[in-house]
Undergrad: 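To start, I am sharing the structure in question, which I have written as structure tokens.
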Amino acid sequence: MAFQLHRFAETLASPDAVSPSRSSPMVQLYYRLYPDLRGRNRYVCIVLKRESSYSFIVTAYLTRRIKGE
């Protein structure tokens, strides 16, 4: 994901989908589709945890589909 860091802000600012985490109500998964990743359509998924006064990225990964679809 080091080469995809420039896509993080875009994914968080304008996601194609936002899903709640199954494990924690404080965690949301942000997805944005990019057609040029690894030669085909891939989503960048950013796992974001919201606290009362701040938020932080837990992890990020590439996936072929949105979780739960």
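Position 1 is the first residue of the sequence; numbering continues from there. What you see below is based on every heavy atom in this structure, not just the backbone, and it leaves out hydrogens, waters and symmetry mates.
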Undergrad: Check for me whether Arg7 meets the cation-pi criterion with Tyr34, that is, NZ or CZ under 6.0 Å from the six-membered ring centre and within 45 degrees of the ring axis.
TA: yes
Undergrad: Side chains of Arg32 and Ser14: closer than 4.5 Å at any heavy-atom pair?
TA: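 They are in contact (side-chain heavy atoms under 4.5 Å apart), so the answer is yes.
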Undergrad: Answer whether the closest heavy-atom distance between the side chains of Val47 and Tyr61 falls below 4.5 Å.
TA: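 Yes, side chains in contact.
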Undergrad: State the OG1-CG distance between Thr63 and Leu33, to the nearest 0.5 angstrom.
TA: 11.0 Å
Undergrad: Could you tell me whether the side chain of Tyr43 reaches within less than 4.5 Å of the side chain of Leu62, counting heavy atoms only?
TA: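 No, their side chains stay 4.5 Å or more apart.
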Undergrad: Are Val27 and Pro20 side-chain neighbours, meaning at least one heavy-atom pair lies under 4.5 Å?
TA: no
Undergrad: Is there a side-chain contact between Leu12 and Glu10 in this structure, where contact means two heavy atoms from C-beta onward sitting under 4.5 Å apart?
TA: no
Undergrad: Without swapping roles, check the side chain of Tyr31 against the backbone of Lys67 for a donor-acceptor pair under 3.5 Å.
TA: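 Yes, because the side chain of Tyr31 sits within donor-acceptor range (under 3.5 Å) of the backbone of Lys67.
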Undergrad: Let me confirm one number: the CG-CG distance from Asp36 to Asn41, rounded to the nearest 0.5 Å.
TA: 9.0 Å
Undergrad: Measuring from Tyr30:OH to Ile57:CD1, what's the distance to the nearest 0.5 Å?
TA: 10.5 Å
Undergrad: Distance check, rounded to the nearest 0.5 Å: Leu29 atom CG versus Ser21 atom OG?
TA: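 Leu29 atom CG to Ser21 atom OG measures 6.0 Å (nearest 0.5 Å).
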Undergrad: Sequence neighbours excluded, which residues qualify as salt bridge (Lys or Arg N to Asp or Glu O under 4.0 Å) partners of Arg42?
TA: none
Undergrad: Is Met26 reachable from Ile46 through a run of I, L, V, M, F, W or Y residues, each pair having side-chain heavy atoms under 4.5 Å apart?
TA: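 Looking at the clustering, Met26 is in a separate group from Ile46.
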Undergrad: List the residues meeting side-chain contact (heavy atoms from CB on, under 4.5 Å) with Phe56, not counting sequence neighbours, and say none if there are none.
TA: Lys49, Glu51, Tyr54, Val58
